[in-house]
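As the structure lists them, so they are numbered: ligands from 1, and atoms in each ligand from 1.
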Amino acid sequence: MVDPWALTQETRMTTTRPRRLSLLQPTGRLTLGNFLGALRPMAAQQEQADCFYGLADLHALTVTHDPAVLRATVAEQATTLLAVGLDESTLFVQSRVPAHAQLSYLLECVATTGELGRMIQFKEKGRAGESTRASLLTYLVLMAADILLYRPEQVPVGDDQRQHLELTRDLAMRFNAAYGPVFLAPEATVPAVGARVMDLAEPTRKMSKTGSRDAGAVLLLDPPDVVRRKVARAVTDSDVGPDAVRRDRDAKPGVTNLVDLLEACGGSADGLTTYGALKRAVTDAVVAELEPVQRRYAELAREPEHVAAVFARGAERARAVTAPVLAAATAAIGL
Ligand code: AMP
């Protein structure tokens, strides 16, 4: 049997940088919110950490899906991860690293239906509906496998993911107690603050790729004229005073969002007094921020075999890194 503590040592010897793991769900098209809140910070992490970034296509199967759309979304997101400059990272598609699904099954054998049914997201997304997929109940076990396979010591999680990381820790410790010390229970840390972008049409909710009914969500690949139109239609308010352009999250959520967006894209609202001027400044800043990404995306879209090769190499490394952990868990549980 593989000694799991030797694994840790081996890991530390081969890399002095901490591991960082993040999976994106290939559901829907990526938005400006995904870029400013996740992809840009992920690119910035690459210097300090040994980053594994994946597309969680198995997770995308937990709700009704169309196979052709899923395939197209994975291809678009894979190209996007390269276009935003994540080429220093290990990039992979989750289903190409079978250890994820394999470890998930072993962890299902220490998880209970009771604890999974109590997870807030499961309750919200449709518990026990006639057509609720069983995989929606177990997807948090898959998420635990995603994390535990890479043995990160810390996992940055937002508030909505805290309960999920707690489950990961519980499963790791329960498995270790029952079958021997295979897993490291990672600690939750506060994520680096990325920008939080609100919907342009409904500024009290997050700009999101699922349910982005176009108007309020700027897509990462929207051409400049579409960005211009969406920003021009963004909700503001009827305040026309001299200090109308200011942050006030409660009273002026739309304007606050535009000011935040402008700053996140390197601009400033200082000296702007009208909403028209603010929207023009936001449009210019967003278009300028997205331009290099879109240019690189267009180049990469012409060489899909390059993108495929990068992801094939990434999956190979992910398989190599995760194999000893899966082997240790498999042996410990008695298979
Ligand atoms: P999701 O699109 O919800 O699957 O989220 C993928 C990643 O993008 C997560 O790290 C989110 O925190 C981030 N993200 C999604 N929407 C936004 C947003 N509107 N503002 C900032 N970050 C976001």
Side-chain angles (χ1 to χ4, degrees), residues 20-46 49 51-63 65 69-70 73-74 76-78 80-81 83-84 86 89 91 93-94 120-121 124-125 136 139-140 142-143 146-147 152 154-165 188-222 227 230-231 234-235 249 253-254 256-265 282 286 289-290 293:
R20 171 97 161 80
L21 173 80
S22 191
L23 300 190
L24 284 181
Q25 271 212 40
T27 45
R29 302 191 62 205
L30 293 168
T31 67
L32 180 61
N34 293 126
F35 177 63
L36 297 175
L39 298 175
R40 207 172 60 173
M42 281 159 69
Q45 281 275 332
Q46 294 182 111
C51 300
F52 288 79
Y53 294 137
L55 296 178
D57 55 348
L58 297 175
H59 286 282
L61 302 182
T62 55
V63 290
H65 79 288
V69 173
L70 175 60
T73 306
V74 168
E76 181 174 292
Q77 291 197 0
T80 304
L81 294 190
V84 301
L86 296 180
S89 305
L91 299 175
V93 176
Q94 183 189 29
I120 292 164
Q121 281 206 0
E124 284 175 354
K125 280 196 187 167
L136 187 65
Y139 93 99
L140 288 174
L142 177 58
M143 188 185 281
D146 296 336
I147 295 170
Q154 298 185 329
V155 178
V157 284
D159 283 343
D160 53 340
Q161 296 289 326
R162 214 153 263 278
Q163 192 188 31
H164 303 164
L165 192 72
T189 54
V190 180
V193 205
R196 184 172 157 83
V197 184
M198 309 307 281
D199 190 272
L200 296 180
E202 282 178 60
T204 50
R205 71 179 183 89
K206 217 170 73 161
M207 182 182 284
S208 96
K209 55 183 160 53
T210 42
S212 49
R213 290 174 312 280
D214 307 334
V218 173
L219 302 181
L220 191 50
L221 298 176
D222 273 344
V227 174
K230 288 178 178 174
V231 174
V235 167
R249 208 161 289 286
T256 302
N257 189 35
L258 290 174
V259 173
D260 286 347
L261 204 45
L262 181 55
E263 288 192 358
C265 293
V282 169
V286 169
E289 188 69 27
L290 295 184
V293 177

Student: Do ligand 1 and Leu24 have nitrogen or oxygen atoms that lie under 3.5 Å from each other?
Tutor: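 Among all N and O atoms of Leu24, none is under 3.5 Å from an N or O of ligand 1.
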
Student: So is Gln25 polar-close to ligand 1, meaning N/O to N/O under 3.5 Å?
Tutor: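 Between Gln25 and ligand 1 (N or O atoms, distance only) the closest approach is not under 3.5 Å.
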
Student: Identify, by atom number and element, the atoms of ligand 1 in contact range of Lys206, meaning under 4.0 Å from any of its heavy atoms.
Tutor: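 So the answer, numbered in order with elements, is 15 (C), 16 (N), 17 (C), 18 (C), 19 (N).
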
Student: Taking Lys230 for the side chain and Ala217 for the main chain, is one N or O donor matched with an acceptor at less than 3.5 Å?
Tutor: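 Checking the backbone N and O of Ala217 against the side chain of Lys230, a donor-acceptor pair under 3.5 Å is found.
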
Student: Going by distance only, is there an N or O of Ser208 that falls short of 3.5 Å from an N or O of ligand 1?
Tutor: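 No; every N/O pair is 3.5 Å or more apart.
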
Student: So if I count the atoms of ligand 1 from 1 in the order they appear, which ones are less than 4.0 Å from some heavy atom of Arg196?
Tutor: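 Here the atoms of ligand 1 in question are 20 (N), 21 (C).
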
Student: Where the side chain of Lys209 meets the backbone of Gln25, is there a donor-acceptor pair that is under 3.5 Å apart?
Tutor: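 Yes, Lys209 side chain to Gln25 backbone: donor-acceptor pair under 3.5 Å.
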
Student: Relative to the heavy atoms of Ala195, which atoms of ligand 1 are at a distance of less than 4.0 Å?
Tutor: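 Counting from 1, the qualifying ligand atoms are 20 (N), 21 (C), 22 (N).
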
Student: Nearest protein heavy atom to atom 22 (N) of ligand 1, by residue and atom, and its distance?
Tutor: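 Nearest protein contact, heavy atoms only, for atom 22 (N) of ligand 1 is Gly33 O, 3.2 Å.
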
Student: Counting distance only, does the side-chain N/O of Tyr53 pair as donor-acceptor with the main-chain N or O of Leu86 below 3.5 Å?
Tutor: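 Answer holds: no.
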
Student: Can you sort out which atoms of ligand 1 are near Lys209, meaning under 4.0 Å from one of its heavy atoms?
Tutor: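 Listed by number with element: 1 (P), 2 (O), 4 (O).
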
Student: Just by modelled atom types, is the Thr31 backbone N or O under 3.5 Å from a matching donor or acceptor in the Asn34 side chain?
Tutor: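 Side chain of Asn34 to backbone of Thr31, a donor-acceptor pair under 3.5 Å: yes, one is there.
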
Student: Which of the numbered atoms in ligand 1 are under 4.0 angstrom from any heavy atom belonging to Ala38?
Tutor: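 In order of number, 7 (C), 8 (O), 10 (O), 13 (C).
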
Student: Counting each atom of ligand 1 from 1 as listed, which ones have a heavy atom of Met207 under 4.0 Å away?
Tutor: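 So the answer, numbered in order with elements, is 16 (N), 17 (C), 18 (C), 19 (N).
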
Student: Which residue in the set Val69, Val93, Asp57 passes side-chain contact (heavy atoms from CB on, under 4.5 Å) when paired with Pro26?
Tutor: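 Answer after filtering Val69, Val93, Asp57: Asp57.
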
Student: So which of Asn257, Asp260, Val197 gets nearest to atom 19 (N) of ligand 1, if we judge by its closest heavy atom?
Tutor: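 The option holding the nearest heavy atom is Val197.
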
Student: At under 4.0 Å between heavy atoms, which part of Ser22 makes contact with ligand 1: side chain, backbone, both or neither?
Tutor: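 Neither; no heavy atom under 4.0 Å.
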
Student: Apply the side-chain contact (heavy atoms from CB on, under 4.5 Å) test between Leu58 and each candidate in Asp146, Leu23, Leu142; give the one that qualifies.
Tutor: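 Answer to the side-chain contact (heavy atoms from CB on, under 4.5 Å) test with Leu58 among Asp146, Leu23, Leu142: Leu142.
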
Student: So which bit of Leu36 gets within less than 4.0 Å of ligand 1, heavy atoms only: side chain, backbone, both or neither?
Tutor: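 Looking at Leu36 and ligand 1, no heavy atom falls under 4.0 Å.
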
Student: Could you tell me whether Arg249 and Asp260 make a salt bridge, using a distance below 4.0 angstrom between a side-chain N and a carboxylate O?
Tutor: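 Salt bridge between Arg249 and Asp260, a charged N being under 4.0 Å from a carboxylate O: yes.
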
Student: Would you confirm whether Glu76, through its side chain, and Thr73, through its main-chain N or O, come within 3.5 Å as a donor-acceptor pair?
Tutor: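 Not confirmed, Glu76 side chain does not pair with Thr73 backbone.
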
Student: Within the 4.5 Å heavy-atom criterion, are Pro253 and Met198 side-chain neighbours or not?
Tutor: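 No; the side chains remain at least 4.5 Å from each other.
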
Student: Return the closest protein heavy atom for atom 2 (O) of ligand 1 as residue, atom name and distance.
Tutor: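 The closest heavy atom on the protein side is Asn34 ND2, 2.9 Å.
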
